[in-house]
Every structure is written in structure tokens, then in C-alpha cells.
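Order of the sequence lines sets the chain letters (A, B, ...), proteins ahead of strands, with each chain counted from 1.
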There are 2 protein chains.
Amino acid sequence: MTRECNNSMLRRASRMLGQVYDDALAPSGLRATQFGLLAQIDIMREPALRELAAEIVMDLSALSHTLKPLIRDGYVALVPDKNDRRVKRVTLTKAGRKKLEQTSKLWADAQRRFEKTFGDKRAADLRAVLEELSSEDFRRAFTGSP
Amino acid sequence: MTRECNNSMLRRASRMLGQVYDDALAPSGLRATQFGLLAQIDIMREPALRELAAEIVMDLSALSHTLKPLIRDGYVALVPDKNDRRVKRVTLTKAGRKKLEQTSKLWADAQRRFEKTFGDKRAADLRAVLEELSSEDFRRAFTGSP
DNA sequence: CTTCATTGCTGGCATATGCCAGTAATATTA
DNA sequence: TAATATTACTGGCATATGCCAGCAATGAAG
């Protein structure tokens, strides 16, 4: 892999981690991305689609598509906002909360294995770096926009 | 974003970097992933599909699918191996080499901006970490397989 | 209040990625 | 050598992700 390309390297590592986390969560029937989504929705408490998309740095339309399987399976629901009829808020259903709760054990185990393999501090440092790269500040600095 | 999840954080950063690199390469008509593929094929010199997939940590089938647009657009071709008729080797066409060459300028500029924003040494360190996470050694250590 | 711009979301299309079930070719073994 | 196992790839289906073109609701101007 063109080892100098920051983007290619990041994607490649993403595929690797996606594969091993997917395997770890497989017994739950959830993909790692889906688990991440449920967890994020749980944390944000009925975010608007727009807000959730911004938080996870995902295109709004892509988010809608990604939510579809979770809605179909009854883990997530979209509820219209009371004050602004354009807005849809994302919520976990009871089944969704239960699924999240159950799957958390598998996820925690994957985390443990990651940190045992890679090191607790290195993992925390890596997450901090990734947080930085995911910020709008970074995007602005990179693109050189105001 | 569930800031403790290594996988979610990695994916999120991947989306961000994908977006900004895609923008940077947009004038070429190539996506950042496609550019990375062309560059990797160029480096590996007629790899078998299987070898290329392993190198970039991508499912063989996924790689075949991802190559389709590049084949359709005439940048890449699959040639059967002489000694083993199961094997298909991946090559750049003349147009593919030219496209790679041209797009390299845009890519180099994106790299420059990344490193200016993030720091040369930090970028190199990050790539080293990502290389480690992409290794089969890491996968084995994580999964606890022999 | 009417017009126009902005905002939030949906749908369609395209690429990216993975799993699984074949299929063909090669390698291994009885 | 014939039967079997393994390997390399293809195709179908599903999710993940992004862009663009609407469309409806809200906000800003006049």
C-alpha cells in the first residue's frame, strides 16, 4: 500500500479494524458500524438527523441510508420534531436499547483485546489523534477555508 | 461519537480524510480510493488479484468489485497468468499510467496540506501506527489465533 | 403578506466493501 | 491415475458512503 498516503493508510487500517470488530460483534447480528450508531444515538438523546450526521462526520443522505436497516429491524425510529416540521429526530426503540445493552458486552471484549494488543495508552493517544482529524477545525485548516 | 470506540473513531476519521482527499483529487475525476489503487498496482507490478487484496487488506471479492469502474474506464486490465490459469493479474493500461502520473500532482498537494496541518513527524508516526494495525500480526494478536 | 433564500430531508444513482455460494483449475492423497 | 481437497476468482446480495436533484417547511426581505 502506498505507504506515504495518509488517506490510503487510514482506510486500510479502517478495513482491518472493521473486519475484526465485525467478527467480534457477529454473535449479536450487528455490524460494528451499526453498534456505533446505536451507541451514538443513545448518547445524543434524540438528535436531529442533521446533528447526528455532523457528529459522526457523515453525509446526511448517507446517514439516512445507513439507518434504514436499523429502522427496518426495529432498533431505531425517526420521530418528527414538534417545533420544526422539517426536522426528524432519531431515537432508539425499546428493542434498540436492549440490543445495544446486550451487544455492549461483545464490544467491551473487543475493546479489551484491542487495548491489550496495542497498549492502553497508545490506544488513547490514537483516539485523540483521530478525534483531531475528525474535527471541522482540521477540515478548515486542510482546505484553507475561512 | 462514542469516543472510546477505537473502531468508530477510526472510521469517522476515515470518512473525514476521504472527503477532503476526494475533494483534492476531484479535478482528475478519480476518487482517492481509486488513486490509491492505481498507485498500489503500479508499485506491485502485475500482482495477482489475491496478492493485491492481501496487501491492501481488502476482501478479494470487494477488490474485484472496486476494480470494475477502473476497468470500465480503461485504466486497469486483468490478464490471465501464464502458469496458473486460475490467476488473474492486475495491470495498469497506458491510460492508467498516464492518469496516475497526472493525478499525482493533486495527490502530492493534498499530502503537503495534510502534513502542514498535522505535522510532518506526527503524520509519519500516524502512518506507522496504521501500518501496524493493518498487519496480519495485529489481526492474529487481536483474535488470539495461532 | 408575498417573494425569495435557506434549511432539513428523501430518492436515485454510483462507488466501496464484505459474505456466501458456486465454478474452474491446481495440488494432494489414496 | 482417480478421488479429494485447496485455491483463485465470479456473481449475487447486503450494508456503507457520497453526490446531486428535488420538495416541503421555515426564515428573511420587500
Side-chain angles (χ1 to χ4, degrees), chain A residues 7-8 10-23 25-26 29-38 40 47-54 56-73 75-76 78-90, chain B residues 7-8 10-23 25-26 29-38 40 47-54 56-73 75-76 78-90:
Chain A
N7 180 58
S8 297
L10 193 54
R11 284 188 86 86
R12 183 171 65 151
S14 226
R15 286 192 292 268
M16 172 64 86
L17 218 53
Q19 288 168 22
V20 298
Y21 268 71
D22 274 354
D23 282 356
L25 302 193
L30 288 182
R31 310 300 207 60
T33 42
Q34 299 179 323
F35 173 81
L37 260 177
L38 294 188
Q40 188 61 32
L49 276 172
R50 178 82 187 54
E51 296 164 346
L52 180 54
I56 67 178
V57 188
M58 188 181 286
D59 179 83
L60 172 61
S61 181
L63 174 59
S64 290
H65 298 149
T66 301
L67 285 176
K68 285 214 170 95
L70 294 170
I71 293 171
R72 179 202 56 203
D73 296 344
Y75 299 138
V76 167
L78 299 181
V79 301
D81 185 279
K82 299 299 170 189
N83 299 60
D84 187 336
R85 280 185 298 173
R86 288 171 301 184
V87 174
K88 285 188 183 173
R89 300 199 162 273
V90 190
Chain B
N7 180 59
S8 297
L10 194 54
R11 283 188 86 85
R12 183 171 64 152
S14 225
R15 286 191 292 268
M16 173 63 86
L17 218 52
Q19 287 168 24
V20 298
Y21 268 71
D22 275 354
D23 282 356
L25 302 193
L30 289 180
R31 309 300 206 61
T33 43
Q34 299 178 324
F35 173 81
L37 261 176
L38 294 188
Q40 188 60 34
L49 276 172
R50 176 84 188 52
E51 296 164 347
L52 179 55
I56 67 178
V57 188
M58 188 181 286
D59 179 83
L60 171 62
S61 183
L63 173 59
S64 290
H65 297 148
T66 301
L67 285 175
K68 284 214 170 93
L70 294 170
I71 293 172
R72 179 202 57 204
D73 295 343
Y75 299 138
V76 167
L78 299 182
V79 301
D81 185 278
K82 299 298 172 191
N83 299 60
D84 187 336
R85 281 185 297 173
R86 290 171 300 184
V87 174
K88 285 188 183 171
R89 300 197 163 274
V90 191

Flag the pair [X] / [Y] as yes when at least one side-chain heavy-atom distance between them is below 4.5 Å, and no otherwise.
{"X": "B:Thr66", "Y": "B:Thr33", "result": "no"}
{"X": "B:Arg50", "Y": "B:Val87", "result": "no"}
{"X": "B:Leu49", "Y": "B:Leu67", "result": "yes"}

[atom1] of [X] versus [atom2] of [N]: gap in Å, rounded?
{"X": "B:Phe35", "N": "C:dA16", "atom1": "CZ", "atom2": "C1'", "answer": "18 Å"}
{"X": "A:Arg11", "N": "D:dG18", "atom1": "CZ", "atom2": "C1'", "answer": "11 Å"}
{"X": "A:Ile71", "N": "C:dT10", "atom1": "CD1", "atom2": "P", "answer": "8 Å"}
{"X": "B:Leu17", "N": "D:dG18", "atom1": "CG", "atom2": "C1'", "answer": "15 Å"}
{"X": "A:Leu67", "N": "C:dG11", "atom1": "CG", "atom2": "C1'", "answer": "15 Å"}
{"X": "A:Leu30", "N": "D:dA16", "atom1": "CG", "atom2": "P", "answer": "10 Å"}
{"X": "A:Lys88", "N": "C:dT7", "atom1": "NZ", "atom2": "C1'", "answer": "15 Å"}
{"X": "A:Leu63", "N": "D:dT15", "atom1": "CG", "atom2": "P", "answer": "15 Å"}

Checklist entry - Of A:Asp23 and A:Asp59, whose nearest nucleotide on DNA chain C comes first from the 5' end? => result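 That would be A:Asp59.
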If you pin B:Arg85 and B:Gln34 to their nearest nucleotides in DNA chain C, which one's is more 5'?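 Checking each residue's closest nucleotide, the 5'-ward one belongs to B:Gln34.
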Would you find a donor on one side and an acceptor on the other, under 3.5 Å apart, between the side chain of [X] and the backbone of [Y]?
{"X": "A:Asp59", "Y": "A:Ser61", "answer": "yes"}
{"X": "A:Asp22", "Y": "A:Ala32", "answer": "yes"}
{"X": "B:Arg12", "Y": "A:Val57", "answer": "no"}

- Query: Are A:Arg31 and D:dT15 close enough that a side-chain N or O sits under 4.0 Å from OP1 or OP2?
  - Reply: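 So the side chain of A:Arg31 is outside the cut-off, no N or O lying under 4.0 Å from OP1 or OP2 of D:dT15.
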_Please confirm whether the shortest side-chain N or O distance from A:Ser64 to OP1 or OP2 of C:dT10 is below 4.0 Å._
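Yes, within the criterion.
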Closest listed nucleotide, where the reference is the side chain of [X] and the choices are [options]:
{"X": "A:His65", "options": "C:dA16, C:dG8, D:dT17", "answer": "D:dT17"}
{"X": "A:Leu60", "options": "C:dT17, C:dC9, C:dT15", "answer": "C:dC9"}
{"X": "A:Pro69", "options": "D:dC9, D:dT15, C:dG11", "answer": "D:dT15"}

Heavy-atom closest pair, residues B:Pro69 and B:Gln34
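The pair with the smallest heavy-atom distance is CB-NE2, 4.0 Å.
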What is the minimum heavy-atom distance between A:Leu17 and B:Asn7, and which atoms define it?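 Closest pair (atom of A:Leu17, atom of B:Asn7, distance): C-OD1, 3.6 Å.
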Which protein N or O atoms sit under 3.5 Å from an N or O of nucleotides 4-7 of chain D?
unit_1 : atom_1 : unit_2  : atom_2 : d
D:dT7  : O4'    : B:Arg86 : NH1    : 3.3
D:dT7  : O2     : B:Arg86 : NH1    : 3.0

Check: When you match B:Glu51 and A:Val57 each to their closest nucleotide on DNA chain D, which lands nearer the 5' end?
Finding: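 So the residue in question is B:Glu51.
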What's [X] touching, base or sugar-phosphate or nothing? Going by heavy atoms closer than 4.0 Å.
{"X": "B:Asp84", "answer": "sugar-phosphate"}
{"X": "A:Leu49", "answer": "sugar-phosphate"}
{"X": "A:Arg72", "answer": "sugar-phosphate"}
{"X": "B:Thr33", "answer": "sugar-phosphate"}

| task | Answer with yes or no whether A:Ser61 presents, from its side chain, a donor or acceptor under 3.5 Å of a partner atom in the base of D:dC19. | result |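 Per atom types, the contact qualifies.
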